[in-house]
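Accompanying notes for the structure given below.
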Amino acid sequence: MADTGTGFDARELRNTMGQFCTGVVIATGCLDGEPAGFAAQSFTSLSLDPPLVGLAPGKTSTSWPKIRDSGSFCINVLGAHQKAICDVFAQSGIDKFAEFSWRPGVTGAPVLDGVIAYVECDLEAEHDAGDHTVAVGRIRDIRILDADAPPLLFFRGAYGRFAAF
Ligand SMILES: Cc1cc2nc3c(=O)[nH]c(=O)nc-3n(C[C@H](O)[C@H](O)[C@H](O)COP(=O)(O)O)c2cc1C
């Protein structure tokens, strides 16, 4: 494992970050009629006014450059019943859209069937961040499609579902 030169190695860093539970989204876009997308946990709300969200695409992502070039992206929030979609969209170099239904949103970016919510954005800015970038999106459309479905969660390298107190 790579030494980060800071007294901890990459495995410790990954394990520590894994203590922070997140949801899972599929970031999608459409360039020249071709849909693109990848699984991500780095989605966050940034600003209410103006309405901005953030996403950290890895620099090795093959889908992000296509999404970036399209100028827009859609964040599809996965429900706990959609781990199979995550498994496919976490792979590179395959036709990820073949087995899932979707429709274009207002930006043209794919909205996947069955997601619990989606957030459509225009790409506002992209900032360098080591082996990732931080993409800032200005929201154009939002929709909750299933307010009752539990979200897909990712925690300590495993998937699970939310349980309220
Ligand atoms: C739970 C989970 C969270 C992930 N989060 C991110 C992320 O925030 N940013 C990212 O670039 N990749 C993330 N990935 C990895 C990408 O989904 C994966 O590298 C994918 O193969 C990229 O596909 P692409 O080459 O088509 O872009 C995540 C994967 C999983 C399973």
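FYI, side chains are in, hydrogens and waters are out, and symmetry mates aren't considered; it's all heavy atoms of this structure. Each ligand, and each atom within it, is numbered from 1 in the order the structure gives.
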Checklist entry - Are V88 and F100 close enough, and set up right, to give a side chain to side chain contact (heavy atoms under 4.5 Å, CB included), and what steps lead you there? => result CA-CA 10 Å; V88 169; F100 304 111; 3.8 Å; yes
Checklist entry - After noting the C-alpha distance and the side-chain angles of R140 and D122, does the key distance pass the salt bridge (charged side-chain N to carboxylate O under 4.0 Å, His left out) rule? => result CA-CA 7 Å; R140 273 184 48 193; D122 289 328; 3.1 Å; yes
Next on the checklist: Using the rule given for side chain to side chain contact (heavy atoms under 4.5 Å, CB included), can you reason through I116 versus I144, listing the C-alpha separation, both sets of side-chain angles and the distance that settles it, and then say yes or no?
Outcome noted: CA-CA 6 Å; I116 62 178; I144 297 170; over 6 Å; no
Next on the checklist: Using side chain to side chain contact (heavy atoms under 4.5 Å, CB included), reason through V53 and C121 one step at a time and then give a plain yes or no.
Outcome noted: CA-CA 8 Å; V53 295; C121 315; 3.5 Å; yes
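Residue I67 is not grouped with residue W102 when hydrophobic side chains (ILVMFWY) are merged at heavy-atom distances under 4.5 angstrom, including chains of intermediate members. I85 and F38 sit in two unconnected hydrophobic clusters of ILVMFWY residues. Membership requires side-chain heavy atoms under 4.5 Å apart, directly or through other members.
The aromatic rings of F97 and F89 lie perpendicular to each other, with more than 60° between the two planes, well past the 30° mark.
Annotation: A39 places an N or O atom under 3.5 Å from an N or O atom of ligand 1; distance criterion only. Between Q41 and ligand 1, an N or O atom pair is found at a separation short of 3.5 Å. For a threshold of 3.5 Å applied to N or O pairs, the pair formed by W64 and ligand 1 contains no separation below that value. Considering both main-chain and side-chain atoms, F38 never comes within under 3.5 Å of ligand 1 through any nitrogen or oxygen pair. Any N or O atom pair closer than 3.5 Å counts here, and H132 shares no such pair with ligand 1. Looking at ligand 1, you won't find any N or O of F154 less than 3.5 Å from one of its N or O atoms.
Heavy-atom contacts of G58 reach the following atoms of ligand 1: 10 (C), 11 (O) (cutoff under 4.0 Å). Atom numbering of ligand 1 starts at 1 in the shown order; those under 4.0 Å from a heavy atom of Y159 are 1 (C), 31 (C). Applying the 4.0 Å criterion to heavy atoms of F89 picks out, from ligand 1, the atoms 17 (O), 20 (C). Atoms of ligand 1 found under 4.0 Å from any heavy atom of S42, numbered from 1 in the order shown, are 7 (C), 8 (O), 9 (N). Interface atoms of ligand 1 facing P57, defined by a heavy-atom separation under 4.0 Å, are 11 (O). Remark: ligand 1 atoms within the under-4.0 Å shell around heavy atoms of K96 are 23 (O), 24 (P), 26 (O).
Contact annotation: the side chain of L13 never approaches that of R11 to less than 4.5 Å [non-hydrogen atoms, C-beta and beyond]. Residues T133 and W64 form a side-chain contact, since some pair of their non-hydrogen atoms from C-beta on lies under 4.5 Å apart.
Proximity of F43 to ligand 1 is not established, as no heavy-atom distance is less than 4.0 Å.
The pair K96-D87 does not count as a salt bridge, with every side-chain nitrogen at least 4.0 angstrom from each carboxylate oxygen. We find that R68 and E126 are joined by a salt bridge, their nearest charged nitrogen and carboxylate oxygen being less than 4.0 Å apart.
Of the protein's heavy atoms, S61 OG, 2.6 Å lies nearest to atom 27 (O) of ligand 1. For atom 26 (O) of ligand 1, the nearest protein heavy atom (residue, atom name, distance) is S63 OG, 2.6 Å. Here the protein heavy atom with the shortest distance to atom 21 (O) of ligand 1 is A90 O, 2.8 Å.
Inside a 4.0 Å radius of atom 10 (C) of ligand 1 there is at least one protein heavy atom.
A side chain to side chain contact (heavy atoms under 4.5 Å, CB included) with N76 holds for exactly one of V25, V119, T28; it is T28.
Summarising the contacts of atom 6 (C) of ligand 1 with C86, A40, S92, the nearest heavy atom is found in A40.
Proximity of A36 to ligand 1, defined as any heavy-atom pair under 4.0 Å, is not found for any part of the residue.
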